[in-house]
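See structure below.
In what follows, chains are A, B, ... by sequence order, proteins preceding strands, each numbered from 1. In what follows, every heavy atom counts, from backbone to side chain, and hydrogens, waters and symmetry copies are set aside.
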2 protein chains.
Amino acid sequence: MIRVAIFEDNFLLRESLFQLVNGTAGLICAGAFANSDNLIYNISKTYPDVVLMDIKMPGKTGIESVLILHDQFPKIKVIMQTVVDDEDKIFASICNGASGYLLKNTPPATLLQSIVEVFEGGAPMTPIIAQKVLEKFRKQSGPTLKEFNNLSNRENEILECLVEGMSYKMIAAARNISIDTVRFHIRNIYEKLHVNSKSEAVVKAMRSKTG
Amino acid sequence: MIRVAIFEDNFLLRESLFQLVNGTAGLICAGAFANSDNLIYNISKTYPDVVLMDIKMPGKTGIESVLILHDQFPKIKVIMQTVVDDEDKIFASICNGASGYLLKNTPPATLLQSIVEVFEGGAPMTPIIAQKVLEKFRKQSGPTLKEFNNLSNRENEILECLVEGMSYKMIAAARNISIDTVRFHIRNIYEKLHVNSKSEAVVKAMRSKTG
DNA sequence: CTGTGTCCTACATGTTTATGCAGTTGACTA
DNA sequence: TAGTCAACTGCATAAACATGTAGGACACAG
């Protein structure tokens, strides 16, 4: 049973969402609120798994609310809902921890499916919004790190993983090599960069960004 | 009428996709190919609007192909298809210009809908993949600066030491506090920054400064 | 063919970190 | 004056890391 909470200032919409969720097997609406004034209290009381959050509400906006939620209740998944696809608001929401993003014209069946998907760890997004995210993503993913010429390709690759904050295990899994090999490369990186800990290596790598 | 081209090395799958597309009103399959060896030629000849591209093919991979397509035929939308959700390949595809990304277990109805969506400028993605993109996006966009406002003076002090590459011992000595206190503060820092390792904290701290 | 370089794997050992639990102090405040 | 809070200390345990040693596979240059 997935517990859903709704934050939506429009009465009719809120009611119809409430009915929709409660009328669906596997879902139950733990609460429906017109604003997020008593956000913490309402969440503590209804302990939802998934929150449907209108982005534009009187008082605290959905964007502020999602930040608070993500801070205080990291396990709760939040789906943002909006009528317009305003880029800035989308990106702000994502950075604040929203897990999904749907336009309000999303058909009910899709909405319900999205609730389940987000609960299972996915990130349902209206395609047009996904498109904007991808675009932004492409721009940002330009040249990341300056290659250290004295490092081999492999070593630079591993170094980038370190800068991603990955652990040995994660690197081994991501690069499909054994953890001992990760160790091996990192040892060589340390020697070449004249450091002897992960964080020192990370700092040195980041400080030499392309500019 | 949306013209679709299929690149898929598995014969059965290719045929069934071909049938599926051709059996759908509004879509027509302009061509189905087992690999992208004659990519340019095949595309020029079939001039599709949307390309379904298997990510793993003998010869030129889908990732290389999408780069070429994006370069030579910028108007063509490409949907990548894959069995596994390998992060690197996903990100590489996106950077190379793919507009959509679906796992191969996507139900036919969704696939067909995705073709239409991508044609209309959207970016259909399997939720689990969208999730990975969002995660990466969040990391790259730098943390919400608010997180850093939450740090106390003492915590900021310790965080700076971490960025200097210092170990717990060194920090304890430098700040004249016990190593357990260092641990205590670092724990709190981790919680506030939502990380759980030294290097993650360092990365987050450094990114926030550069913007 | 032999050497050199790169990438890879493995095992062992000691150190550093991450995290849970428990408690003290002094300062500010309802 | 009791209560809250930031800073602090301590201990315990498991996981992650740093580093030494020892070797195998492959490609390419001399």
Side-chain angles (χ1 to χ4, degrees), chain A residues 40-41 44 68 70-75 145-206, chain B residues 86 88-89 92 139 143 146-207:
Chain A
I40 303 286
Y41 174 79
S44 309
I68 296 171
H70 193 245
D71 233 46
Q72 309 275 319
F73 309 89
K75 283 182 196 158
L145 286 178
K146 168 183 158 194
E147 302 258 318
F148 286 77
N149 338 332
N150 48 334
L151 293 189
S152 73
N153 292 340
R154 199 53 163 179
E155 285 160 358
N156 269 304
E157 207 175 306
I158 305 278
L159 184 56
E160 282 200 30
C161 290
L162 288 186
V163 174
E164 301 283 317
M166 296 167 78
S167 70
Y168 286 22
K169 265 190 193 171
M170 293 165 77
I171 297 175
R175 297 290 142 175
N176 227 38
I177 54 182
S178 95
I179 193 167
D180 284 304
T181 303
V182 176
R183 268 195 247 283
F184 168 82
H185 288 300
I186 289 185
R187 249 180 286 203
N188 294 334
I189 292 172
Y190 285 1
E191 198 176 323
K192 291 183 184 175
L193 296 189
H194 304 293
V195 299
N196 43 37
S197 81
K198 219 167 74 159
S199 30
E200 280 182 284
V202 166
V203 171
K204 208 147 193 173
M206 290 188 75
Chain B
D86 178 333
D88 292 331
K89 285 181 182 162
K139 276 188 197 163
K146 189 173 176 257
E147 286 177 327
F148 287 90
N149 300 337
N150 287 342
L151 293 186
S152 72
N153 293 340
R154 199 56 165 176
E155 285 160 358
N156 266 306
E157 209 175 303
I158 305 279
L159 184 55
E160 282 198 27
C161 291
L162 287 187
V163 173
E164 300 287 317
M166 296 166 79
S167 71
Y168 287 20
K169 267 187 193 173
M170 295 164 77
I171 297 175
R175 299 286 145 175
N176 225 40
I177 53 180
S178 97
I179 193 167
D180 283 304
T181 305
V182 176
R183 268 194 247 284
F184 168 81
H185 289 300
I186 289 184
R187 246 180 289 202
N188 294 335
I189 293 172
Y190 286 2
E191 199 177 321
K192 291 184 183 174
L193 297 191
H194 303 293
V195 301
N196 43 37
S197 80
K198 215 165 76 158
S199 32
E200 278 181 286
V202 167
V203 171
K204 210 154 189 176
M206 292 188 73
R207 279 221 232 274

5' to 3', nucleotides 25-30 of chain C under a 4.0 Å protein heavy-atom cut-off (B base, S sugar-phosphate only, - none) gives ------
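Dashed line: the shortest gap from a side-chain N or O of Arg154(B) to OP1 or OP2 of dC8(D) is under 4.0 Å. In this structure, Ser152(A) reaches the dC7(C) phosphate: one of its side-chain N or O atoms is under 4.0 Å from OP1 or OP2. For Tyr190(A), a side-chain nitrogen or oxygen approaches OP1 or OP2 of dA18(D) to under 4.0 Å.
Sequence neighbours left out, the pairs with a member in residues 188-200 of chain A that pass salt bridge (Lys or Arg N to Asp or Glu O under 4.0 Å) are Glu155(A)-Lys192(A).
Between Leu162(B) and Val203(A), the closest side-chain pair of non-hydrogen atoms is not below 4.5 Å. Taking the side chain as every heavy atom from C-beta outward, Val195(A) and Ile189(A) never approach each other to under 4.5 Å.
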Output a table of donor-acceptor pairs, distance under 3.5 Å, between side-chain atoms of residues 173-180 of chain B and any protein atom two or more places apart or on a different chain; print 'none' if there are none.
| from | atom 1 | to | atom 2 | distance (Å) |
| --- | --- | --- | --- | --- |
| Arg175(B) | NH1 | Glu157(B) | OE2 | 2.9 |
| Ser178(B) | OG | Asp180(B) | N | 3.1 |
| Ser178(B) | OG | Thr181(B) | N | 3.2 |
| Ser178(B) | OG | Thr181(B) | OG1 | 3.3 |
| Asp180(B) | OD1 | Arg183(B) | NE | 3.4 |

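Expressed to the nearest 0.5 Å, how far CD1 of Ile186(B) lies from OG of Ser197(B) amounts to 11.0 Å. Rounding to the nearest 0.5 Å places SG of Cys161(A) at 11.0 Å from CG of Asn156(A). Atom CG of residue Leu151(A) and atom CG of residue Leu159(A) lie 6.5 Å apart, to the nearest 0.5 angstrom. Separating the CG atom in Leu193(A) from the CG atom in Asn188(A) is a distance of 10.5 Å, to the nearest 0.5 Å.
Nearest heavy atom pair, residue Val163(A) against residue Met206(A), reads CG1-CG, 3.9 Å.
A straight line from CZ of Arg187(A) to P of dC7(C) spans 15 Å, rounded to a whole angstrom. Across the protein-nucleic acid pair, Lys198(B) atom NZ and dA18(C) atom P stand 7 Å apart, rounded to whole Å. Atom CD of Glu191(B) is separated from atom P of dA18(C) by 14 Å (rounded to the nearest Å). In this entry the distance linking CD1 of Ile186(A) with P of dG20(D) reads 15 Å, nearest Å. We find that CG of Asn188(B) is positioned 14 Å from P of dT9(D), with the value rounded to whole Å. Distance Glu200(B) CD to dA18(C) P: 9 Å, rounded to the nearest Å. In this structure, Glu155(B) places its CD atom 6 Å from P of dA7(D), rounding to the nearest Å. One interatomic measurement links the two molecules: OH of Tyr168(A) to P of dA10(C), which rounds to 17 Å at whole-angstrom precision.
Near-neighbour residues of DNA chain D inside residues 170-185 of chain A, defined by a heavy atom below 4.0 Å, number-ordered: Arg183(A).
At its two ends the helix from dC1(C)-dG30(D) to dA30(C)-dT1(D) runs along axes set 30° apart, each axis drawn from five pairs and the angle rounded to 10°.
Qualifying side chain to side chain donor-acceptor pair (under 3.5 Å) partners for Lys169(B), counting only residues two or more places apart in sequence or in other chains: none.
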